Amino acid sequence: RALLLEFDIDIVSYLEQPLCVIAVVDGRRSRSIPDFEIRSRFGERRFEEIKYSREVADVNSRAHRQLQIQRTWCEETGHPHALVTESVIW
């Protein structure tokens, strides 16, 4: 994914595993580290998580829980969040 970001003219900068986010999901305070923080030339700051689609399809998986935590934190802080799967990368 980093290689794709390097050649995207709309991306000003990106950080890999930029911070640990904390959110309450299903009554539990949990933490997760997004794979990327991306800043665009339009001033947008967004977060992305990279996963295989089969990993997030299972609602009981660790990957699915990570997405819930990150999405909740992003909603609370007003940042866009995206799941990037192999269909985007390949």
Side-chain angles (χ1 to χ4, degrees):
R1 177 69 176 148
L3 187 59
L4 294 175
L5 295 173
E6 286 286 335
F7 291 100
D8 188 330
I9 62 171
D10 292 330
I11 303 301
V12 173
S13 66
Y14 67 90
L15 296 170
E16 295 180 47
Q17 299 187 328
L19 69 150
C20 180
V21 301
I22 299 171
V24 176
V25 176
D26 297 329
R28 289 186 6 210
R29 187 172 185 256
S30 303
R31 65 180 80 195
S32 182
I33 300 172
D35 288 322
F36 288 97
E37 174 186 338
I38 301 166
R39 293 183 186 254
S40 76
R41 67 184 177 107
F42 309 106
E44 179 187 58
R45 178 184 179 207
R46 71 179 190 265
F47 293 87
E48 291 185 351
E49 183 67 10
I50 313 300
K51 295 286 183 224
Y52 287 107
S53 53
R54 70 177 181 274
E55 290 179 320
V56 294
D58 178 2
V59 296
N60 297 313
S61 70
R62 181 174 182 271
H64 188 80
R65 177 119 182 116
Q66 283 180 313
L67 282 174
Q68 287 180 307
I69 295 163
Q70 291 175 26
R71 286 180 175 157
T72 299
W73 182 84
C74 283
E75 286 173 10
E76 291 172 352
T77 58
H79 298 294
H81 183 273
L83 167 64
V84 178
T85 65
E86 68 277 4
S87 64
V88 173
I89 296 173
W90 307 118

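Worth saying up front: this structure is predicted, and the values here are computed from it rather than measured.
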Closest heavy-atom pair and its distance - [X], [Y]:
{"X": "Leu5", "Y": "Phe36", "result": "CD1-CD2, 3.9 Å"}
{"X": "His64", "Y": "Val56", "result": "ND1-O, 3.3 Å"}
{"X": "Ile9", "Y": "Arg41", "result": "O-CD, 3.7 Å"}
{"X": "Cys74", "Y": "Pro80", "result": "SG-O, 4.0 Å"}

Test item: [X] and [Y] side chains (from C-beta on) under 4.5 Å apart, heavy atoms:
{"X": "Val24", "Y": "Thr72", "answer": "no"}
{"X": "Asp26", "Y": "Arg65", "answer": "yes"}
{"X": "Leu67", "Y": "His81", "answer": "yes"}
{"X": "Gln66", "Y": "Glu55", "answer": "no"}

Value rounded to 0.5 Å, distance of [atom1] in [X] from [atom2] in [Y]:
{"X": "Arg54", "Y": "Glu86", "atom1": "CZ", "atom2": "CD", "result": "7.0 Å"}
{"X": "Asp10", "Y": "Ile38", "atom1": "CG", "atom2": "CD1", "result": "11.5 Å"}
{"X": "Ser30", "Y": "Ile22", "atom1": "OG", "atom2": "CD1", "result": "9.5 Å"}
{"X": "Thr85", "Y": "Ile50", "atom1": "OG1", "atom2": "CD1", "result": "9.0 Å"}
{"X": "His79", "Y": "Glu37", "atom1": "NE2", "atom2": "CD", "result": "7.5 Å"}

Inset, instruction - Measure the acute angle between the ring planes of Phe47 and Trp73, then classify it against the limits of 30° and 60° as parallel, tilted or perpendicular. - result: perpendicular
Legend entry - ILVMFWY cluster, Ile33 and Val84 together (side-chain gap under 4.5 Å): no
Legend entry - Glu48 side-chain N/O to Asp35 backbone N/O, donor-acceptor pair under 3.5 Å: no
Inset, instruction - Would you indicate whether Arg31, at its atom CZ, is surrounded by more than 12 heavy atoms from other residues, nucleotides or ligands within a distance under 6.0 Å? - result: no
Inset, instruction - Return yes when atom CZ of Phe7 has more than 12 non-hydrogen atoms of other residues, nucleotides or ligands closer than 6.0 Å, and no otherwise. - result: no
Legend entry - Side-chain donor-acceptor pair present, Ser32, Gln70, cut-off under 3.5 Å: yes
